[in-house]
Undergrad: 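Have a look at this one.
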Amino acid sequence: MIRRLRQPYHRLRLGTRLALGMGVLALVVFAAVGTSLSMYMQEYLVRQLSDQMTHVQTTQAKDVQEYGSVQDKPYWGWYSASYRISGPAPVLRKPADVPPDAGELLATAEAVRTSGADVLRTARIGGESYRLRACEVDDGIVLVTAAPLEDMENTMDRLVMVQVVAFALALLGLVIFGRAVLRRGLRPLSAMAHTARGITSHDFTDSARLPVRADSGKGGNGGPEVEELRTAFNTMLEHIDDSLAVRTEAEQRLRRFVADASHELRTPLMSVRGYADLFQYAAANEPGERDRHLARLRAEAARMGVLLDDLLLLARLDAAQVETPLRPESADLAELAGQAADAFRAGHPDHPLTVTGVPGELRLRLDPLRIRQVLDNLLTNAAVHTPAGTAVSLDVSVDRGGDGAEGHAVVRVADEGPGIPAADQDRVFDRFYRVDKARSRDRGGSGLGLAVARSLVRAHGGTLDVTSGPGRTAFTLRLPLDRTDQPKRTT
């Protein structure tokens with residue numbers, strides 16, 4: 001410990017610094033208590049000696065009045081003498097047992113003659129300290145008594161020595177045992193520091209947690225404050241673990257998205273380059289093939305434009321907290337469903353479509369173009385992923401809710417195809433995800449349709465879910481009937 005004390009204070013351990021701080025504080029307290037006790041004891045002894053001198057002089061005053069002088073010493077080492085102060089200077093009345101240096105006794109008698117009151121003072125006689133008391137015991141007669149202070153001074157010296165030894169032992173014990181108690185009390189903090197060092201290795205498993213309550217029998221509990229700190233520390237680790245997990249998942253999702261987007265964009269770009277070369281060759285050698293190659297160039301460019309538009313839309317929907325691409329207005333959802341059904345029948349005559357729904361209007365505040373895009377995506381998805389002749393149904397209904405719950409408009413698009421495997425149902429809304437990995441892009445699309453549909457529905461405050469099994473797959477769209485959180489219109 002002495003070697004540690006030689007280190008700079010700020011580099012000492014917390015327990016050592018606290019122990020030293022307690023030692024300094026205890027030293028100040030001990031010094032204040034010792035000084036106060038010594039002063040009180042000295043005053044008490046002086047006052048007791050003064051009372052004793054008063055009692056002695058009361059007795060000696062009778063001797064002075066009767067015999068003219070003091071007869072006997074009251075105590076060993078005491079001196080008494082009577083002086084006549086009626087003249088110009090005090091005069092010793094009769095020979096008395098006075099010390100060789102009796103000047104202080106004479107000066108004290110002179111002080112009584114001058115002041116006319118009793119005098120109490122301390123003086124040195126023969127190199128020793130004495131307490132002198134003088135009082136007038138008869139007309140013109142002053143009695144002066146001197147009591148030695150040696151015993152009182154010895155008592156005070158012993159008292160100071162006892163205090164110094166006792167306070168030094170108490171201070172040493174306080175520092176040593178206090179440091180031991182503090183180390184045991186701060187043991188949970190050391191455990192927290194050890195766990196914190198483990199964070200650098202990204203160890204956020206249960207082994208990196210601290211127990212909520214330590215073994216109090218080993219002195220590691222630390223009290224409720226340390227328990228609160230330990231709980232807060234574990235909560236912080238859980239939040240950090242969750243945040244890192246979310247961040248890692250987001251980074252992985254971003255990498256997959258960039259890789260998939262790059263792959264999807266590379267295919268039409270390669271097609272454009274190939275058809276451009278063919279167009280250049282046909283323009284020089286086969287002019288009749290130019291229009292066909294030019295049409296394919298335009299088709300690939302349009303396909304790439306649709307892909308880029310979907311990516312841009314998804315990016316804007318991800319930033320919907322700042323600005324949403326929706327343009328809401330009052331529109332008839334049933335009419336939009338009918339328009340989507342007519343377009344589907346015209347584009348996919350090999351898939352019979354059945355439409356059921358609420359009679360009349362079903363007006364909601366929504367973006368009709370985006371909701372129509374959602375319906376077209378769902379119907380096209382049913383046609384693309386099912387064989388020809390598969391029946392498709394479109395149903396529009398209203399769910400009024402119950403017990404004060406908010407009502408919803410419900411649109412369900414179902415088909416009687418082979419269904420979606422259970423392992424793929426949770427990922428069908430992921431971007432660029434395809435259930436059939438071998439499906440061609442010309443027929444299967446880019447894998448963004450359902451992702452765009454769900455993002456648009458969520459921007460409207462609704463939900464889009466899928467249920468699937470052998471022989472039936474249904475996508476259910478739910479939009480709130482009364483919406484107050486209307487998206488902002490962009491300019």
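We're numbering straight along the sequence, starting at 1. Worth knowing before you read on, the calculation uses all heavy atoms, side chains too, and leaves out hydrogens, waters and symmetry mates.
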Undergrad: Are T356 and D395 linked by a side-chain donor-acceptor pair shorter than 3.5 Å?
TA: yes

Undergrad: Any donor and acceptor pair, going by atom type alone, linking the side chain of R478 with main-chain N or O of G462 inside 3.5 Å?
TA: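 Between the backbone of G462 and the side chain of R478 there is no qualifying donor-acceptor contact (under 3.5 Å).
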
Undergrad: For residues 335-361, which residue pairs qualify under salt bridge (charged side-chain N to carboxylate O under 4.0 Å, His left out), counting only residues two or more places apart or in two chains?
TA: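 Qualifying pairs: D342-R345, E361-R363.
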
Undergrad: Do R365 and S330 have side-chain atoms, one donor and one acceptor, less than 3.5 Å apart?
TA: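 No.
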
Undergrad: Check ring-ring contact (aromatic ring centres under 6.0 Å, His included) between H348 and all other residues, then give those that pass, not counting sequence neighbours.
TA: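 Partners of H348 by the ring-ring contact (aromatic ring centres under 6.0 Å, His included) criterion, ordered by chain and then number, come out as F344.
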
Undergrad: Quick check against the 3.5 Å criterion: does D367 have a side-chain atom that pairs as donor or acceptor with the backbone of R327?
TA: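 Pair found, side chain donor or acceptor close to backbone of R327.
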
Undergrad: Determine whether a donor-acceptor pair (N or O, by modelled atom type, separation under 3.5 Å) exists between the side chain of T390 and the backbone of P387.
TA: yes

Undergrad: Closer than 3.5 angstrom, by distance alone: can the side chain of D465 be matched with the main-chain N or O of T476 as a donor-acceptor pair?
TA: no

Undergrad: For residues 151-172, which side-chain donor-acceptor pairs fall under 3.5 Å, sequence neighbours excluded?
TA:
| from | atom 1 | to | atom 2 | distance (Å) |
| --- | --- | --- | --- | --- |
| E153 | OE2 | S129 | OG | 3.3 |
| N154 | ND2 | E150 | O | 3.2 |
| T155 | OG1 | D151 | O | 2.8 |
| Q163 | OE1 | S38 | OG | 3.2 |

Undergrad: Taking CZ in R372 as the centre, count heavy atoms belonging to other residues, nucleotides or ligands within less than 6.0 Å. Is the count above 12?
TA: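 Correct, the count exceeds 12.
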
Undergrad: Just wondering, more than 12 heavy atoms not from E416 lying within 6.0 Å of its CD?
TA: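 No, the 6.0 Å shell around CD holds no more than 12 heavy atoms from other groups.
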
Undergrad: Just by distance, do the side chain of S468 and the backbone of I420 share a donor-acceptor pair under 3.5 Å?
TA: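 Checked: pair present.
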
Undergrad: If you define the side chain from C-beta out and look only at heavy atoms, does anything of L375 sit under 4.5 Å from V411?
TA: yes

Undergrad: In Å and rounded to the nearest 0.5 Å, what is the CE to CZ distance from M22 to F177?
TA: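 Reported value, rounded in 0.5 Å steps: 12.5 Å.
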
Undergrad: Which pair of non-hydrogen atoms, one from A337 and one from V396, has the smallest distance, and what is that distance?
TA: CB-CG2, 3.6 Å

